[in-house]
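Any value given below was found using the heavy atoms of this structure, including those in side chains, with hydrogens, waters and symmetry copies removed. To find a chain, count down the sequence lines: A is the first, B the second, and so on, and within it residues start at 1.
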There are 2 protein chains.
Amino acid sequence: MELGRRERKKQQTKAAISEVATLLFLERGFDAVTVAEVARAADVAVQTVFNHFPAKEDLFFDEEGWWLGPARAVREAGDPLDALEAHYLTSIRERLAVGHLATWKQFVATIEGSPALQARRRLQADELVRTLAEALDERSDERVRNRLLAAQYSAAQNLFEDELMRILPDDASPAELVEAQQALEKVVAEVFAVLRNGLTAPRG
Amino acid sequence: MELGRRERKKQQTKAAISEVATLLFLERGFDAVTVAEVARAADVAVQTVFNHFPAKEDLFFDEEGWWLGPARAVREAGDPLDALEAHYLTSIRERLAVGHLATWKQFVATIEGSPALQARRRLQADELVRTLAEALDERSDERVRNRLLAAQYSAAQNLFEDELMRILPDDASPAELVEAQQALEKVVAEVFAVLRNGLTAPRG
DNA sequence: CTACATCTTTGGAGTTTATCCAATGACAAT
DNA sequence: ATTGTCATTGGATAAACTCCAAAGATGTAG
């Protein structure tokens, strides 16, 4: 679809605002930067910022709807657990791609430094669980188990994220990256084994 | 410990504020009532409200730390799953006690009508999961499983709450109460059976 | 009982996020 | 060129929350 100049300029200002905002947030922390400052740095009116982003938090979380991924993965593949494991391994590899990692660690650190961003992330996690549970409902009518599984997936994701933050130094060398990826994939395998076998089964 | 008049009056104003605020919130919704209104209704200065309650949400959630219950239950009993099941059955019975139910349904409805209150409840749920996971860590060093179980317990609690809201009419008769309690306890038994046997084991 | 210290309450000014609205200016369509 | 649409803007406003200094109530020591 062809975009007119007007729409193009609109997207342009939106992108400019988001970019300058993200830089400021990463540099000085989310709570320490006011929307007025962002507007000034982007050379637009404060109202323009709110025209494009419904709330301040949306300036930071510009990626749209990653939390719908697991539900989609379940819908598009055969066995739900296989689908979820594959989906998670893919997202891990993306995160560990060269250049992405440092940025990602900074993102997480910024979130952990701001109650408002943490609240927003909880909302996203909730959305993930809800949509995943609905997707699982389409595969099996065992509502109770579907909801428990969805919660476990979300918990597993948190686990992996903590683990990543823990084992990876800020400036990881390529060798360390490979090592970390192998370590993480081992944890993923362990977690999904637990999910498959159930909590009380003996570990593999 | 003996409380002086000063401290007594302080608690008194705090209680008065909390009470009048809760009434207003239940009646007209959390977001539709301003702190200034609460202050006016309680005949105190706005600043006085914030002297006693760090944030507006604290005017609604005055009960302190119920979300630490599961962790405590695990620490004080033998088998963690038995402890959690017993703890949850107890809390259900409290909620279904005569007189408490209508109030509780109103509370939940008010929460569901306010994004701010929902966010606060998510924070509490997070705290529950975190503390429960720590308590489980003291019983077993299988960190991964402990975290998955904690997440499942939280999910189960949400399930029960939804179920309670769904099956119970606002003005339940004593007979309906008994019936609802039996239905709920059956669901609880089913969920904990799943937790014990694992997701993939055949249902009982 | 008086004087002094402490602590709660209060009013006022200010900050920040967010909304509403009317005016302006760039772009699109005829 | 005119006219309508739409993004942008400034201004006013609301609401949660903070800071601060003054006032009022309470506790304490002489």
Side-chain angles (χ1 to χ4, degrees), chain A residues 1-22 24-25 28-62 110-111 113-120 123, chain B residues 1-22 24-25 28-62 110-111 113-120 123:
Chain A
M1 43 186 166
E2 194 67 70
L3 287 194
R5 174 154 36 202
R6 195 193 306 225
E7 188 64 18
R8 220 178 325 131
K9 283 205 173 183
K10 193 182 170 185
Q11 308 287 6
Q12 203 172 320
T13 43
K14 177 167 182 172
I17 294 171
S18 174
E19 190 177 339
V20 81
T22 302
L24 285 175
F25 292 153
R28 291 168 35 206
F30 183 77
D31 298 334
V33 178
T34 71
V35 176
E37 268 179 294
V38 172
R40 200 154 41 77
D43 195 32
V44 295
V46 172
Q47 179 61 45
T48 303
V49 174
F50 284 108
N51 281 350
H52 288 283
F53 303 91
K56 189 188 176 188
E57 289 84 2
D58 297 302
L59 289 168
F60 188 77
F61 291 112
D62 40 354
T110 304
I111 293 173
S114 157
L117 291 182
Q118 286 174 41
R120 181 55 78 95
L123 203 163
Chain B
M1 45 183 163
E2 194 67 70
L3 288 193
R5 174 154 38 203
R6 187 183 278 171
E7 190 65 20
R8 218 179 325 131
K9 283 206 172 182
K10 194 181 169 186
Q11 307 287 6
Q12 203 171 319
T13 41
K14 175 167 182 172
I17 294 171
S18 173
E19 190 176 339
V20 82
T22 301
L24 285 175
F25 292 153
R28 292 169 35 208
F30 183 77
D31 298 335
V33 177
T34 71
V35 176
E37 269 180 293
V38 172
R40 199 153 40 77
D43 195 31
V44 295
V46 172
Q47 180 60 45
T48 303
V49 175
F50 285 108
N51 281 349
H52 289 283
F53 304 91
K56 189 188 177 189
E57 289 83 359
D58 297 302
L59 288 168
F60 188 78
F61 292 112
D62 40 355
T110 304
I111 293 173
S114 157
L117 291 182
Q118 286 174 42
R120 182 55 78 96
L123 204 163

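Set against C:dT16, D:dC17, C:dA18, the side chain of A:A55 has C:dA18 as its closest nucleotide. For B:E57, the listed nucleotide lying nearest its side chain is D:dC17; candidates were D:dC17, C:dT17, D:dT8. With C:dT10, D:dC17, D:dG10 as the choices, the nucleotide that has an atom nearest any side-chain atom of B:A45 turns out to be C:dT10. When distances are taken from the side chain of B:T48 to each of C:dT10, C:dA26, C:dA18, the shortest belongs to C:dT10. Closest approach to the B:R6 side chain among C:dC7, D:dT9, D:dA16 is made by C:dC7 (side chain taken as heavy atoms from C-beta onward).
Each of B:K14, B:R8, B:E7 was scored for a side chain to side chain donor-acceptor pair (under 3.5 Å) with B:Q11, with one residue passing: B:E7.
Within 4.0 Å of B:V49, counting heavy atoms only, lies no atom of the nucleic acid at all. When heavy atoms are screened at a 4.0 angstrom cut-off, A:R5 is found touching the sugar-phosphate backbone but no base atom. Counting any heavy atom pair closer than 4.0 Å across all strands shown, B:V46 reaches no nucleic acid atom.
Residue A:F53 contributes atom CZ, which lies 15 Å from atom P of C:dT17 at whole-angstrom precision. In this structure, CD of B:Q11 is placed 10 Å from P of C:dT9, rounded to the nearest angstrom. Between the P atom of C:dT10 and the NZ atom of B:K9 lies a distance of 12 Å, rounded to the nearest Å. Spacing between atom CD1 of A:I17 and atom C1' of D:dA7 amounts to 11 Å, rounded to whole angstrom units. When rounded to the nearest whole Å, the span between CZ of A:R8 and P of D:dC6 equals 18 Å. Across the protein-nucleic acid pair, B:Q47 atom CD and D:dG24 atom P stand 18 Å apart, rounded to whole Å. Regarding A:K10, its NZ atom lies at a distance of 14 Å from the C1' atom of C:dA26, rounded to whole Å. The nearest whole Å value for the distance from the CZ atom in A:F50 to the P atom in D:dT13 is 19 Å.
Under 4.0 angstrom from either OP1 or OP2 of C:dT8 there lies no side-chain N or O belonging to B:H52. Listed pair A:T13 / D:dT8 meets the phosphate criterion, a side-chain N or O lying under 4.0 Å from OP1 or OP2.
The 12-atom threshold is exceeded at CG of A:D31, counting heavy atoms of other residues, nucleotides or ligands nearer than 6.0 Å.
A tilted orientation is assigned to the rings of B:F60 and B:F25, their planes being inclined by 30° to 60°.
How far CG of A:L123 is from CD of B:Q118: 8.0 Å, rounded to the nearest 0.5 Å.
Ion pairing of A:R28 with A:E37 is present here, as a side-chain N (NZ or NE/NH1/NH2) and a carboxylate O approach within less than 4.0 Å.
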